[in-house]
Amino acid sequence: MRYSEYFIPTVKETPADAEVISHKLMLRAGMIRKVAAGVYNYLPIGLRSIRKVENIVREEMNRAGAVEVLMPMVIPGELWQESGRWEQYGKELLRFKDRKDNEFCLGPTHEEVITDIVRREIRSYRQLPINLYQIQTKFRDEIRPRFGLMRGREFIMKDAYSFDVNEKEADKSYEKMYQAYCRIFKRCGLDFRAVEADTGSIGGASSHEFMVLADSGEDAIVSCNSCSYAANVEKAEAGLSGLSPDTEMRPLEKVLTPERKSIQDVSEFLGIPAAHMVKTLIMTADDKLVAILLRGDHELNEIKLKKVLGCDSLEPATEEAVLNSIGTPVGFIGPIGLTLPIIADLVLKNMRNFTVGANLEDYHIKNANFDRDFTVENFADVRNVVAGDPCPRCNNGTLEMWRGIEVGHVFKLGTKYSKALNAKFLDENGKEQTLFMGCYGIGIGRTVAACIEQNHDENGIIFPIQIAPFQCIISSINPKDENVRAISEKIYSEMQKIGIEVLLDDRDERPGFKFKDADLIGIPVRIVVGAKNLIDQKVEFKLRKSKESELVAVDDVVHRVENIMKEVLA
RNA sequence: CGGGGAGUAGCGCAGUCUGGUAGCGCACCUGUCUUGGGCACAGGGGGUCGCAGGUUCGAAUCCUGUCUCCCCGACCA
């Protein structure tokens with residue numbers, strides 16, 4: 001491709017609405033342009049990288065025995081009503097009506113549609129297992145789209161669905177996909193971890209997320225420094241150990257804490273570490289109030305609490321609701337004398353003589369203790385783990401914390417959708433059985449964005465060769481020079497002949513201008529053809545990721561680049 | 001949905017408080033020049049100041065409403 005005939009609208013200045021580095025660089029490099037909140041145009045080099053990821057995904061899915069299909073983006077509402085998700089899914093599901101007033105939605109995920117295909121077409125255990133996938137544009141009407149392709153409303157996703165005769169076989173399909181995902185992200189040149197995860201609105205028994213490690217990641221994940229345990233903080237189990245108990249209980253002591261409402265304020269005011277305090281959160285769970293006790297320096301994990309309570313909705317109680325029901329303003333609530341049901345975090349079991357709110361404005365109470373001063377309904381793991389917590393699996397390691405970008409998620413669905421949609425088959429005894437499912441997603445655009453988060457410097461993107469829009473760029477210095485132009489063209493056509501994806505920068509621009517663009521769009525290999533070096537029949541060879549360049553004979557340079565491609569893409 | 005911020009040339013911004021000819025940098029067009037890290041000079045084009053009302057002799061500027069976008073939170077893959 002000739003740069004002069006191509007379309008790469010790079011910009012010097014960063015558009016004001018970009019926050020994270022991948023978003024900024026994708027805009028600056030002319031990969032994407034915003035059309036509406038969370039909705040983007042893919043410009044040529046952006047599209048090329050996306051296609052690269054798609055092709056890697058496609059190859060590995062095919063290799064793992066999955067079969068490609070393409071489902072519609074517009075889905076009849078009745079399918080979603082049948083699964084029960086028409087009501088459950090909420091406002092993320094964009095609904096609309098056609099001219100006949102029939103209800104439709106834009107597909108945010110395709111369990112319903114795929115299960116509909118399978119229940120119509122699969123009759124016998126002889127047709128199983130089967131794994132169908134597609135690469136398709138999805139739409140989820142996110143409350144707050146952000147960070148460019150990282151969290152769009154419209155985005156390209158690979159989604160796969162496996163169908164098996166029983167749970168054991170379904171586990172095998174899951175394992176196959178897990179392995180395929182590892183190969184995919186490895187081939188994309190990403191530093192990633194597979195972690196245990198919460199299944200969220202997709203549902204099912206268990207799941208793993210594939211997380212690209214990056215400080216800008218929206219997810220927090222933990223991993224054990226001793227064993228292989230790794231999990232999303234949403235899911236990570238908190239170990240049991242906490243502070244060792246004081247030997248004996250001391251008497252209660254009411255202390256004045258005027259206008260000290262937060263743990264931090266009270267902690268500083270009384271000179272007591274937050275870890276020796278217990279905070280009392282009042283939550284509204286399905287319209288009922290419940291009190292949650294947590295160590296002062298810990299945070300509530302609402303997903304865990306939801307499971308403990310078995311409720312559908314859970315949110316912090318409003319200040320009015322708290323005041324009306326307890327008679328004390330938020331900030332001074334405590335468990336002693338509280339009439340609400342109380343759930344205490346597991347770690348509190350080991351605590352003695354902790355400080356709590358007094359249920360009296362401007363007062364806290366020191367030396368509170370379980371049983372003597374109040375009782376709780378039960379102890380449960382309802383907090384977020386923190387760095388340094390003991391590992392819940394091996395018990396001799398501690399947990400380290402990372403930020404991650406979720407690029408893939410694999411689920412064991414069991415029979416959730418097949419039951420709801422009545423997807424059955426006949427087993428070898430002629431008996432009707434319900435299909436066991438798994439589903440497997442990869443965010444294609446997000447994978448490209450995550451890759452940029454991991455691979456960039458102050459000058460721009462540093463694409464790994466596997467997903468770079470072009471493998472090589474020839475920067476022709478002063479293409480008006482006849483010799484420079486001729487040699488550039490020669491190298492260009494030789495590279496094209498052997499299948500190297502090459503971009504010839506034949507624009508009549510100054511050298512610095514071309515170098516800046518080449519660096520910004522992150523082409524892995526750069527060949528600079530200039531008059532000075534041509535005197536010795538040499539051109540400059542430089543890898544985007546390295547600082548140094550070297551001079552290579554004109555006759556060797558194509559071979560040199562070819563070897564690099566072979567090495568990396570082997 | 002709660003809190004905060006912003007809509008002025010393609011992009012980044014000033015001007016708004018204190019109403020009176022709509023500006024700067026980059027980009028773009030023409031020409032000269034230049035060619036190893038976003039050259040230089042000269043000339044030029046481009047704006048319903050988000051939208052709708054209102055106040056006023058006069059509104060980018062004041063008032064009311066409304067839409068969009070961004071950030072934090074809530075929510076959610």
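Because only heavy atoms are used, hydrogens play no part in the values below, and waters and symmetry mates are left out as well, while side chains stay in. Below, chain A is the first sequence line, B the second, and so on; all start at residue 1.
Here B:rU68 presents its C1' atom at 12 Å from CG of A:D17, a figure rounded to the nearest Å. Protein atom CE of A:M150 is 15 Å distant from nucleotide atom P of B:rC70, rounded to whole Å. The interatomic distance linking A:E406 (CD) with B:rC76 (P) rounds to 14 Å, in whole Å. Between the CZ atom of A:F147 and the C1' atom of B:rC72 there is a distance of 10 Å, rounded to whole Å. One atom, CG of A:D508, and another, C1' of B:rU30, lie 15 Å apart when rounded to the nearest Å. One can place OH of A:Y40 at 11 Å from C1' of B:rC69, the figure rounded to the nearest angstrom. The nearest whole Å value for the distance from the CE atom in A:M283 to the P atom in B:rC75 is 7 Å. When the P atom of B:rA74 is taken as reference, atom CG of A:L281 falls 13 Å away, rounded to whole Å.
In this structure, a donor-acceptor pair under 3.5 Å is present between the side chains of A:Y440 and A:S162. Between A:S476 and A:D506, the side chains place no donor N or O within less than 3.5 Å of an acceptor N or O (distance only, hydrogens not considered).
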For residues 519-533 of chain A, which side-chain N or O atoms pair as donor and acceptor with protein atoms under 3.5 Å away, sequence neighbours left out?
from, atom 1, to, atom 2, distance (Å)
A:R526, NH2, A:E540, OE2, 3.3

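The pair A:R560-A:E550 meets the salt-bridge criterion, since a charged nitrogen lies less than 4.0 angstrom from a carboxylate oxygen.
With C1' as the reference atom, B:rC70 and B:rC33 are 43 Å apart, rounded to whole Å. Rounded to the nearest Å, the gap between the P atom of B:rU64 and that of B:rU55 is 15 Å. Distance noted for atom C1' between B:rC63 and B:rU16: 14 Å (whole Å). For the P atom pair drawn from B:rC17 and B:rC62, the interatomic distance equals 5 Å after rounding to whole Å. Across the P atoms, B:rU8 and B:rC69 are found 14 Å apart, a figure rounded to whole Å. Taking atom C1' on both nucleotides, B:rG45 is separated from B:rU30 by 10 Å, rounded to a whole Å. Remark: the separation of the C1' atoms in B:rC39 and B:rU32 is 14 Å, to the nearest Å. Comparing B:rU61 with B:rG44, their P atoms sit 30 Å apart, to the nearest whole Å.
Using a 4.0 Å heavy-atom criterion, one finds that A:E209 contacts no nucleic acid atom at all. Residue contacts for A:K34: at a heavy-atom cut-off of 4.0 Å it reaches the sugar-phosphate backbone alone, with no base atom in range. Residue A:R33 is classed as having no contact, given no heavy-atom separation below 4.0 Å to the nucleic acid. Residue-level contact check: A:S475 touches neither bases nor backbone, having no heavy atom under 4.0 Å from any strand. No engagement by A:K24 is indicated, since no non-hydrogen atom pair under 4.0 Å with the nucleic acid exists. Among the atoms of the strands shown, none is found under 4.0 Å from any heavy atom of A:R507. As judged by a 4.0 angstrom heavy-atom cut-off over every strand, A:D481 is placed among residues making no nucleic acid contact.
Of the candidate nucleotides B:rC75, B:rC70, B:rC39, B:rC39 has the atom nearest to the side chain of A:F513. Counting only heavy atoms from C-beta on, A:R144 has its side chain closest to B:rA74 among B:rA74, B:rG38, B:rU35. Checked against B:rC13, B:rG38, B:rU35, the side chain of A:A16 finds its nearest nucleotide in B:rC13. Taking only side-chain atoms of A:F515, from C-beta outward, the nucleotide of B:rC69, B:rC76, B:rG37 with the closest atom is B:rG37. The side chain of A:R146 has B:rG73 as its nearest neighbour among B:rC76, B:rG73, B:rC69. The A:E92 side chain lies nearest to B:rC76 when the options are B:rC76, B:rA74, B:rG38. Among the nucleotides B:rC26, B:rU35, B:rG37, the one closest to the side chain of A:R510 is B:rU35. Checked against B:rG38, B:rC71, B:rU35, the side chain of A:I477 finds its nearest nucleotide in B:rU35. In the set B:rG38, B:rC75, B:rU35, B:rG38 carries the atom at the smallest distance from any side-chain atom of A:L520. In the set B:rC75, B:rC76, B:rA27, the nucleotide with an atom closest to the side chain of A:I143 is B:rC75.
For B:rC24, the paired nucleotide is B:rG12, the pair qualifying as Watson-Crick or G-U wobble because both relevant distances are below 3.5 Å. Figure legend. B:rA59 is base-paired to no nucleotide; pairs are counted as Watson-Crick or G-U wobble with both atom distances under 3.5 Å. Figure legend. B:rG7 is base-paired to B:rC67; pairs are counted as Watson-Crick or G-U wobble with both atom distances under 3.5 Å. Partner assigned to B:rG73 is B:rC1, using Watson-Crick or G-U wobble distances below 3.5 angstrom.
Nearest-nucleotide assignment on RNA chain B puts the 5′-proximal partner with A:D517, out of A:L314 and A:D517. Place A:K480 and A:E234 on RNA chain B by their nearest nucleotides, and A:K480 ends up nearer the 5' end.
A cation-pi contact, defined as under 6.0 Å to the ring centre and within 45° of the axis, links A:K412 to A:Y174.
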Could you check A:K304 against A:D198 for salt bridge (charged side-chain N to carboxylate O under 4.0 Å, His left out), going step by step and ending with a plain yes or no?
CA-CA 9 Å; A:K304 290 180 181 177; A:D198 181 69; over 6 Å; no
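If you look at A:Y3 and A:F470, their ring centroids are not closer than 6.0 Å. Aromatic pair A:F210/A:H409: ring centres not closer than 6.0 Å.
Remark: the A:E13 side chain and the B:rG25 base include a donor-acceptor N/O pair separated by less than 3.5 Å. You won't find any donor-acceptor pair under 3.5 Å spanning the side chain of A:R28 and the base of B:rG12, going by distance alone.
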